[in-house]
Amino acid sequence: MSLVIKNGTAFINGHFEKKDICIEDGIITNIGSNLKADEKINATDMLVLPGLIDPHVHLREPGQEYKEDFVTGGRAAIAGGFTTVIDMPNNLPPIVTKKRFEEKAKLAKKALCDVLLHFGGTDKNFDEVKKADPLSLKLYLAKTTGEMMLHNPDSLEHHYENFPSNRPIVLHACGDSSDPETNVKQSCEKTEHAISLANKMKRHIHLAHASTKSEVLIAQKCKTCTVEVAPHHLFLSVRDESRLGPFAKVYPPLRSEQKRIYLWQSLEMVDCIATDHAPHTTEDKENGAAGLPGLETSLSLMLTACDQGLLDKIWVVQRMSENIVDIFNLKKKGRLKKGYAGDITIVDPKREWEVCGSDLETKCKWSPFEGKKLKGKVHTVIRNGNPVYLEYCFI
Ligand code: DOR
Ligand code: ZN
């Protein structure tokens with residue numbers, strides 16, 4: 001079957017232009033004008049984007065399916081415009097052996113979007129990392145949900161040596177103190193240490209969820225370091241804690257309002273946006289769980305900021321698609337280009353909506369952005385040439 005997306009404003013070669021896009025057998029086969037195909041989707045007044053990619057999600061399966069699973073998490077991804085996500089290894093038990101990695105990859109096939117997996121590093125599993133041969137390795141240098149964390153100070157260097165230097169090692173380099181100032185200081189120290197070592201060893205590292213301008217500036221000192229920022233650190237600060245109570249808890253923590261504003265000033269140096277979608281039940285949140293869901297609000301938050309003149313649409317789309325492909329060496333994804341995957345996200349930039357947790361696809365059914373009015377919404381999502389979400393509804 002062939003499909004054409006007609007009359008949209010498409011993101012092609014770094015800019016927006018009116019073009020039709022034709023997909024055949026799951027692959028983009030033509031980009032041009034007046035194209036024809038068996039099926040047609042009308043994208044007049046819409047933005048046509050490459051299927052977005054989220055390099056940092058926690059879909060919780062296996063082990064914590066009561067919080068989220070590949071079906072609900074996959075639906076949340078699609079509704080948020082993501083056709084590919086990369087899932088974190090802090091499952092219960094953690095994904096630190098080849099066997100668990102392969103079992104998880106099988107489970108992930110039931111998701112409506114493509115799910116790729118980060119592999120977890122421990123103080124001992126160097127041989128397992130080699131055997132599993134993943135696209136990236138995640139190292140926790142501080143506490144997280146679950147039990148993953150490096151304890152031995154030598155393990156970082158050992159993993160740096162052991163893992164192919166052109167594949168990214170993703171670092172959770174956040175502080176763990178509950179005192180805000182100390183936490184920021186620890187985050188900077190951990191980042192500085194990890195980065196100076198990477199610089200010396202000329203290896204690619206990727207700094208997960210940088211939450212302050214200081215961390216971004218530190219990362220900037222290393223040519224082989226890329227940096228991601230999560231929308232919750234751009235749109236929420238400690239000011240929101242009184243409203244959200246335990247629902248504001250996240251690692252790295254929300255920062256001061258001043259630091260949030262400084263983070264915006266560092267965006268020119270940021271390589272990608274990652275949701276860090278980390279759903280928990282309301283009961284778990286009330287009992288102190290850290291993490292916020294973000295798959296279904298992130299793109300709209302960023303587009304709303306574009307509408308307000310705070311961000312540039314091109315900057316946003318690049319950081320939610322092609323930059324991620326380049327960082328994680330993903331093949332034939334993230335760009336609207338002949339020969340690339342027929343993964344496409346169509347967005348109505350004018351559509352206004354209000355975040356309502358109970359309407360979301362994520363199993364947790366709440367959002368730290370509850371009640372927020374946003375402008376710009378995912379209208380249609382095509383995965384591998386097949387529409388899976390059409391005019392705001394799943395097929
Ligand atoms: O707040 C967080 N939640 N930070 C993490 O590092 C992990 C995540 C989770 O898995 O819940
Ligand atoms: Zn995370």
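When a ligand or atom number is given, it counts from 1 through the structure's own listing order.
- By the criterion of a heavy-atom distance under 4.0 Å, neither the backbone nor the side chain of L292 is placed next to ligand 1.
- For D276, the N/O/S atom at the shortest distance from the Zn ion (ligand 2) is named OD1.
- The proximity of K249 to ligand 1, defined as any non-hydrogen pair under 4.0 Å, does not occur for either the backbone or the side chain.
- Between Y392 and W353, the distance separating the two ring centers is not shorter than 6.0 angstrom.
- Proximity of M88 to ligand 1 is not established, as no heavy-atom distance is less than 4.0 Å.
- Below 3.5 Å of separation, one finds an N or O of H280 facing an N or O of ligand 1.
- Contacts between A278 and ligand 1, counted as non-hydrogen atom pairs separated by less than 4.0 Å, involve the side chain only.
- In this structure, H159 and F126 have tilted ring planes: the angle between them lies in the 30° to 60° band.
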**Item:** side-chain hydrogen bond (donor to acceptor under 3.5 Å, both in side chains) between R60 and H277, worked out
**Value:** CA-CA 10 Å; R60 306 296 190 206; H277 177 78; over 6 Å; no
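- Within the 4.0 Å heavy-atom cutoff, R60 counts among the residues contacting ligand 1.
- Under the 3.5 Å distance criterion, with hydrogens and angles disregarded, no donor-acceptor pair is assigned to the side chains of D179 and S177.
- Residues H58 and E68 have side chains that never bring a donor and an acceptor to within less than 3.5 angstrom of each other.
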